[in-house]
Amino acid sequence: MATILETVGRNMCRIRALQRISAITFAQSAKISTEKLEEIEEGKVNITIVNLQEFADLLHVTIFELLVPTSNEIQPHILN
């Protein structure tokens, strides 16, 4: 199961690609390096809730859309 950081990163990358926004353009708009964007999209670094809101705003989506796993990431969770 993906971590929340991986889910956010995958969603950012997927939404950015659907909107045909290049990594360079997005990174410049977000005032981060392309290397940092790559680390975020790979789920390798922690981001603040403020960053999350900024990224959602740049992508014209809600924070919720960045946080929720896509259907292929959701695994059944068995409670004891």
Side-chain angles (χ1 to χ4, degrees):
M1 186 156 86
T3 68
I4 189 67
L5 295 176
E6 291 167 335
T7 297
V8 168
R10 287 179 189 154
N11 285 337
M12 281 181 54
C13 186
R14 178 181 52 79
I15 293 166
R16 183 177 58 73
L18 285 171
Q19 295 181 11
R20 298 181 184 193
I21 301 170
S22 72
I24 293 170
T25 299
F26 187 83
Q28 288 172 342
S29 297
K31 297 179 176 71
I32 60 175
S33 68
T34 53
E35 292 82 6
K36 186 67 154 187
L37 176 60
E38 183 177 321
E39 290 175 338
I40 293 167
E41 290 185 343
E42 291 175 357
K44 293 182 178 177
V45 294
N46 201 356
I47 60 173
T48 67
I49 197 76
V50 173
N51 293 137
L52 187 65
Q53 182 65 64
E54 290 171 353
F55 299 152
D57 290 345
L58 288 170
L59 293 168
H60 307 287
V61 298
T62 65
I63 288 177
F64 182 77
E65 291 173 89
L66 296 179
L67 291 172
V68 174
T70 57
S71 59
N72 63 342
E73 286 182 311
I74 299 173
Q75 304 267 333
H77 186 76
I78 299 170
L79 300 175
N80 293 330

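Count residues from 1 along the sequence.
Annotation: the span from Ile21 atom CD1 to Met12 atom CE amounts to 10.0 Å, rounded to 0.5 Å.
Every side chain to side chain contact (heavy atoms under 4.5 Å, CB included) that Asn51 has, sequence neighbours left out, goes to Ile47, Thr48, Glu54, Phe55. Legend: residues meeting salt bridge (charged side-chain N to carboxylate O under 4.0 Å, His left out) with Lys44, ordered by chain and number and at least two apart, are Glu42. Listed by chain and residue number, Thr3, Asn46 satisfy the side chain to side chain contact (heavy atoms under 4.5 Å, CB included) test with Leu5 (two or more places apart in sequence, or in another chain). Not a single side chain to side chain donor-acceptor pair (under 3.5 Å) links Glu38 to another residue, sequence neighbours left out. Residues satisfying the side chain to side chain donor-acceptor pair (under 3.5 Å) criterion with Thr25, sequence neighbours excluded, are Ser22. Residues passing the side chain to side chain donor-acceptor pair (under 3.5 Å) test with Thr62 are Glu65, sequence neighbours excluded.
In this structure, Ile32 and Ile40 have side chains that are in contact, with non-hydrogen atoms separated by less than 4.5 Å. Counting heavy atoms from C-beta outward, Thr70 and Arg14 have side chains that approach closer than 4.5 Å.
Pairs passing the salt bridge (Lys or Arg N to Asp or Glu O under 4.0 Å) check and including a residue from residues 16-25, sequence neighbours excluded, read Arg16-Glu41.
Hydrophobic clustering places Ile4 together with Leu37 (ILVMFWY residues linked when any side-chain heavy atoms are closer than 4.5 Å, directly or through intermediates). Leu18 and Val68 are assigned to two separate hydrophobic clusters, defined by single-linkage of ILVMFWY side chains at heavy-atom distances under 4.5 Å. In terms of hydrophobic clustering, with Ile, Leu, Val, Met, Phe, Trp and Tyr side chains grouped at heavy-atom distances under 4.5 Å, Leu66 and Val50 are assigned to a common cluster. Follow the hydrophobic side-chain contacts under 4.5 Å out from Ile15 and you reach Ile63 in the same cluster. Val45 and Ile49 fall within a single hydrophobic cluster, where Ile, Leu, Val, Met, Phe, Trp and Tyr side chains are chained together by heavy-atom contacts under 4.5 Å.
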